[in-house]
Number of protein chains: 2
Amino acid sequence: MAQAESEMKMRILFAAKKLFARQGFDGTSVRQICEEAGANVALISYYFGGKEKVYRALFECFFPGQRMSQYEDLLKSPVEGLKLLISEIISFSMNDKELSSIIQQEMVMVSPRTELIVSFTGPVWKKARELLEQGREQSLFHFDSLDQALMMVVGVTLAHKKQNCYSGLLTDGPPKREETVESAVRFVLLALGADTAGTAPS
Amino acid sequence: MAQAESEMKMRILFAAKKLFARQGFDGTSVRQICEEAGANVALISYYFGGKEKVYRALFECFFPGQRMSQYEDLLKSPVEGLKLLISEIISFSMNDKELSSIIQQEMVMVSPRTELIVSFTGPVWKKARELLEQGREQSLFHFDSLDQALMMVVGVTLAHKKQNCYSGLLTDGPPKREETVESAVRFVLLALGADTAGTAPS
DNA sequence: GTCTATAACGGGATAGAC
DNA sequence: GTCTATCCCGTTATAGAC
């Protein structure tokens with residue numbers, strides 16, 4: 001069932017991911033999805049049971065959930081843990097630009113899908129919050145409000161998603177993954193007052 | 001014409017702003033807008049000429065465009081200019097949460113409305129970029145990539161928009177405007193290595 | 001200026017044939 | 001498993017009455 005999961009089903013999922021990312025959930029019709037996938041309209045009902053269910057399936061299929069548990073040791077150090085978290089989130093986000101766009105769309109709306117998004121992404125940011133808190137207790141980080149600090153970290157980590165929109169303002173080409181990760185990590189650590197000798201730019 | 005601009009027209013605009021912000025452009029029907037406004041469906045065509053035109057009118061009516069020209073003097077100093085810019089953008093964004101949500105929605109999609117968004121918001125970020133560049137030339141700011149630095153500033157400035165979504169992770173109540181501005185400004189200046197004595201948190 | 005009524009279309013979903 | 005044909009609903013837009 002997990003193996004020969006009907007290639008057609010996957011084709012539909014890939015098509016839906018692509019179209020939802022560009023046009024949003026409401027801006028995409030099941031007919032469009034099926035055309036893109038080379039599938040018949042009826043297959044959406046047959047395989048998933050409706051458009052909303054396709055959306056859910058997207059997350060169950062493509063959202064990397066178990067990755068964090070591999071790094072339990074690193075996540076005990078506030079500085080290293082936060083570095084790792086930012087790096088992993090940006091990597092995921094640049095590897096699967098479509099899914100991350102879908103996530104960001106719902107983050108600014110009030111929709112029946114918001115809850116789903118939060119259930120998948122919330123745990124990751126919860127971990128980030130814990131690391132910030134521990135780092136402050138250990139005097140590794142310096143900030144006033146934990147809430148505010150967390151939101152800043154979220155903002156920096158997801159900042160690169162706006163590059164498509166404002167590409168007209170940028171002079172370098174599309175940035176490499178490593179460059180984006182490094183910039184974000186350094187920006188956050190500097191802002192948090194973490195001592196990270198040797199990482200300051202010239 | 002600019003004075004007694006038919007109150008009904010304004011009621012429709014306010015209703016549209018509210019609904020577009022929560023449900024997105026495609027997720028909102030003109031019927032819904034008119035019901036919310038207490039107007040008849042036909043008035044959308046009569047006043048604006050269609051749903052898309054209502055969207056445009058929203059920006060022409062509510063987007064604050066001329067504010068920047070008032071501060072020409074302050075905008076000559078990289079540090080003070082950047083502070084002002086961040087402060088103004090966050091203030092606008094918290095005053096009119098709806099319009100700023102509408103803007104952010106389109107920033108992650110590819111839609112016929114993207115161009116409109118960029119034409120209104122682009123100039124502001126262009127100014128931010130210039131300030132960053134000048135600040136680096138004057139050794140006030142320290143960063144490697146101008147592109148990356150700009151995106152980080154954008155990310156921090158707009159970070160507070162995600163508070164609705166992740167309110168479950170936050171312990172303080174909804175943050176005050178001043179607190180948000182101060183956190184963002186300090187975060188950015190620290191990350192850019194700007195010397196701002198006395199602003200470091202305890 | 002505001003309304004009703006209707007046109008013209010596209011949406012999601014599925015029954016039933018194959 | 002896959003398709004066609006159809007249902008039924010909601011959509012935008014507007015003509016024409018008031």
Side-chain angles (χ1 to χ4, degrees), chain A residues 1-61 102 105-106 109-114 116, chain B residues 1-59 61 102 105-106 109-113 116:
Chain A
M1 191 199 278
Q3 167 203 3
E5 191 89 353
S6 172
E7 288 171 28
M8 191 44 118
K9 203 171 169 180
M10 289 306 291
R11 291 239 303 278
I12 291 174
L13 282 176
F14 278 111
K17 186 151 67 78
K18 173 175 173 180
L19 293 170
F20 286 160
R22 302 188 189 188
Q23 310 173 345
F25 181 82
D26 290 312
T28 303
S29 70
V30 296
R31 292 171 143 84
Q32 243 185 317
I33 294 170
C34 289
E35 192 185 9
E36 174 80 28
N40 185 280
V41 245
L43 293 182
I44 292 268
S45 285
Y46 179 73
Y47 280 126
F48 301 96
K51 188 180 168 184
E52 298 266 4
K53 305 280 186 60
V54 174
Y55 191 90
R56 286 197 84 85
L58 233 43
F59 282 82
E60 283 151 12
C61 183
I102 292 170
Q105 284 170 27
E106 301 299 326
M109 302 204 211
V110 181
S111 84
R113 303 171 292 283
T114 308
L116 178 71
Chain B
M1 191 201 280
Q3 168 203 3
E5 190 90 352
S6 172
E7 287 170 28
M8 191 45 115
K9 202 171 167 179
M10 288 307 291
R11 292 239 303 279
I12 291 174
L13 281 176
F14 277 111
K17 186 150 67 78
K18 174 176 172 180
L19 293 170
F20 286 160
R22 302 188 189 189
Q23 310 172 345
F25 181 82
D26 291 311
T28 304
S29 70
V30 296
R31 289 161 136 81
Q32 246 184 314
I33 294 170
C34 289
E35 190 185 12
E36 175 81 27
N40 185 281
V41 245
L43 293 181
I44 292 268
S45 283
Y46 179 72
Y47 280 127
F48 302 96
K51 187 180 168 184
E52 298 265 5
K53 305 277 186 62
V54 174
Y55 191 90
R56 286 197 83 86
L58 233 45
F59 282 81
C61 182
I102 292 170
Q105 283 170 29
E106 300 299 327
M109 301 205 213
V110 181
S111 83
R113 302 170 294 283
L116 179 71

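Atom set for the values below is all heavy atoms of this structure, side chains included, hydrogens, waters and symmetry mates excluded. For clarity, every value in this text was computed on a predicted model and none was experimentally measured.
- Atom CD1 of A:Ile33 and atom C1' of C:dG10 are 15 Å apart (whole Å).
- Atom CE of A:Met8 sits about 12.0 Å away from atom CG of A:Leu13, to the nearest 0.5 Å.
- When rounded to the nearest whole Å, the span between CD of B:Glu35 and C1' of C:dT2 equals 18 Å.
- Nucleotide D:dG1 holds its P atom 10 Å from the NZ atom of A:Lys9, rounded to whole Å.
- Rotation axes derived from the C1' atoms of the five outermost pairs at either end of the helix from C:dG1-D:dC18 to C:dC18-D:dG1 lie 0° apart, to the nearest 10°.
- Aromatic ring pairs are classed by plane angle as parallel below 30°, tilted from 30° to 60° and perpendicular above 60°; the pair A:Tyr55 and A:Phe25 is perpendicular.
- The CZ-C1' distance, from A:Arg11 to D:dT2, rounds to 12 Å in whole Å.
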Check: Can you give one letter per nucleotide of nucleotides 12-18 of chain C, 5' to 3': B if a protein heavy atom sits under 4.0 Å from the base, S if only from the sugar-phosphate, - if neither?
Finding: BSB----
Notebook entry, point to check: Stepwise, does the side-chain contact (heavy atoms from CB on, under 4.5 Å) test hold for A:Lys18 with A:Arg22?
Noted result: CA-CA 7 Å; A:Lys18 173 175 173 180; A:Arg22 302 188 189 188; 3.7 Å; yes
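- For the atom pair CD1 (B:Ile12) and CD (B:Glu7), the distance works out to 12.5 Å, reported to the nearest 0.5 Å.
- In this structure, A:Glu7 atom CD and D:dG1 atom P are separated by 12 Å, rounded to whole Å.
- Here the CZ atom belonging to B:Arg11 is positioned 10.5 Å from the CD atom belonging to B:Glu36, to the nearest 0.5 angstrom.
- If you take OH of B:Tyr47 and P of D:dT14, they are 17 Å apart, rounded to a whole angstrom.
- With a 6.0 Å radius and a threshold of 12 heavy atoms from other residues, nucleotides or ligands, A:Glu35 has its CD atom at or below the threshold.
- Using a distance-only test at 3.5 Å, with no hydrogens or angles considered, a donor-acceptor pair links the side chain of B:Gln105 to the main chain of B:Ala21.
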Next item on the list: Starting from the C-alpha separation in whole Å, work towards a yes-or-no answer on side-chain contact (heavy atoms from CB on, under 4.5 Å) for A:Cys34 and A:Ile44.
Entry: CA-CA 8 Å; A:Cys34 289; A:Ile44 292 268; 3.4 Å; yes
